[in-house]
A.B. asks: 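Before I ask anything, here is the structure I am working with.
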Amino acid sequence: ATILVLHGPNLNLLGEREPGIYGNATLNDIDQQLQQQARDRGHHLLSVQSNAEYELVERVQDARHEGVNFILINPAAFTHTSIALRDALAAVAIPFIEIHLSNVHAREEFRRHSYFSDIAQGVICGLGPQGYELGLQAALRYLEQS
Ligand code: DQA
């Protein structure tokens with residue numbers, strides 16, 4: 001199967017960005033680990049990070065024609081703002097899991113609302129990079145059973 005991993009704005013700064021909240025792992029560390037995990041199970045994984053909302057929207061739209069079977073997405077700040085990205089995911093109807101490194105419920109009030117959670121297959125937050133690993137594990141189990 002093909003899994004698309006989408007990383008939203010500022011996640012390119014992981015490792016140096018507020019390490020007390022987001023940890024020391026870089027985005028590259030996370031992507032490498034996911035690549036390995038997917039490859040070991042015989043699947044194909046591609047990762048994209050963008051700071052631009054329209055690029056993420058277009059990436060989701062393109063996923064339809066690329067045979068993407070599952071999406072793991074950390075929409076970052078767009079979690080709390082982007083109806084456009086939500087609509088794109090609803091339009092393509094590809095199952096997805098929403099992931100956050102930090103526990104968004106233990107932070108500012110504005111991080112508690114997500115435009116994605118109610119249409120996600122599942123939501124993982126607060127577990128750092130491990131959240132991606134668990135999200136991929138859940139995605140692969142779902143794909144292998146369906
Ligand atoms: C985040 C949480 C968001 O509230 C924040 O805007 C981010 C990262 C996380 O992974 O914890 O950029 O999605």
Side-chain angles (χ1 to χ4, degrees), residues 1-41 43-64 66 68-143:
T2 300
I3 295 106
L4 174 64
V5 183
L6 290 176
H7 304 286
N10 301 305
L11 294 174
N12 54 311
L13 300 181
L14 279 184
E16 49 182 281
R17 171 192 186 200
E18 302 183 84
I21 295 173
Y22 297 115
N24 296 309
T26 66
L27 195 59
N28 191 48
D29 294 337
I30 291 171
D31 284 339
Q32 291 298 320
Q33 195 283 327
L34 292 175
Q35 280 290 349
Q36 184 66 45
Q37 195 181 336
R39 211 179 309 124
D40 289 349
R41 299 261 296 256
H43 299 283
H44 181 61
L45 180 138
L46 50 146
S47 302
V48 175
Q49 187 276 331
S50 180
N51 295 320
E53 187 176 21
Y54 84 94
E55 275 181 10
L56 294 166
V57 168
E58 289 185 347
R59 213 60 203 69
V60 170
Q61 290 186 9
D62 291 347
R64 237 181 346 167
E66 294 171 344
V68 171
N69 306 100
F70 206 100
I71 295 174
L72 299 179
I73 183 168
N74 182 347
F78 292 146
T79 306
H80 321 295
T81 64
S82 184
I83 299 173
L85 192 50
R86 171 201 172 89
D87 285 352
L89 285 160
V92 300
I94 297 169
F96 74 92
I97 294 175
E98 174 185 349
I99 297 165
H100 301 284
L101 293 151
S102 66
N103 180 354
V104 287
H105 301 287
R107 301 179 61 193
E108 300 96 326
E109 183 65 32
F110 64 81
R111 293 187 203 278
R112 290 179 153 233
H113 176 259
S114 164
Y115 277 108
F116 299 85
S117 300
D118 64 309
I119 58 167
Q121 190 170 96
V123 182
I124 298 173
C125 77
L127 302 178
Q130 190 189 203
Y132 290 91
E133 199 178 314
L134 296 171
L136 180 56
Q137 190 181 315
L140 296 182
R141 184 178 297 185
Y142 169 85
L143 292 169

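Counting starts at 1 for both ligands and their atoms, in listed order.
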A.B. asks: Would you say R59 and S50 are linked by a side-chain donor-acceptor pair, where the criterion is simply a distance under 3.5 Å?
C.D. replies: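 R59 and S50 do not have a side-chain donor-acceptor pair below 3.5 Å.
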A.B. asks: Under 4.0 Å, counting heavy atoms only: does R17 come that close to any atom of ligand 1?
C.D. replies: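 Yes; R17 lies near enough to ligand 1 that a heavy-atom distance drops under 4.0 Å.
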A.B. asks: Among protein heavy atoms, which sits nearest to atom 2 (C) of ligand 1, and what does the distance come to when rounded to 0.1 Å?
C.D. replies: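 Result for atom 2 (C) of ligand 1: V104 CG1, 3.7 Å.
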A.B. asks: Just to be sure I'm reading this right: ignoring hydrogens, which of R111, R112, E18 gets closest to atom 5 (C) of ligand 1? Compare them by their nearest heavy atoms.
C.D. replies: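 Nearest heavy atom to atom 5 (C) of ligand 1 lies in R111.
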A.B. asks: Does the side chain of H113 come within less than 4.5 Å of H80's, by heavy atoms?
C.D. replies: no
A.B. asks: Ignoring angles and geometry beyond distance, decide whether T79 reaches within less than 3.5 Å of ligand 1 through its nitrogen or oxygen atoms.
C.D. replies: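 Not met; the criterion fails.
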A.B. asks: Under a 3.5 Å cutoff, is there a donor and acceptor pairing between the side chains of T2 and E66?
C.D. replies: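 No - no donor-acceptor pair under 3.5 Å links their side chains.
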A.B. asks: Sub-3.5 Å donor-acceptor pair from the side chain of N51 to the main-chain atoms of N10, do we have one?
C.D. replies: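 Yes, because the side chain of N51 sits within donor-acceptor range (under 3.5 Å) of the backbone of N10.
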A.B. asks: Among all protein heavy atoms, pick the one closest to atom 7 (C) of ligand 1 and tell me residue, atom and distance.
C.D. replies: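 Checked against all protein heavy atoms, atom 7 (C) of ligand 1 sits closest to Y22 OH, 3.5 Å.
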A.B. asks: Would you call N74 a ligand 1 contact, heavy-atom distance under 4.0 Å?
C.D. replies: yes
A.B. asks: Could you tell me whether some N/O pair between L11 and ligand 1 is separated by less than 3.5 angstrom?
C.D. replies: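 No; every N/O pair is 3.5 Å or more apart.
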A.B. asks: Side-chain donor-acceptor pair under 3.5 Å between D31 and H7, yes or no?
C.D. replies: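 Note: D31 and H7 side chains meet the donor-acceptor criterion.
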A.B. asks: Using a 4.0 Å cutoff against the non-hydrogen atoms of H80, which atoms of ligand 1 qualify?
C.D. replies: 3 (C), 4 (O)
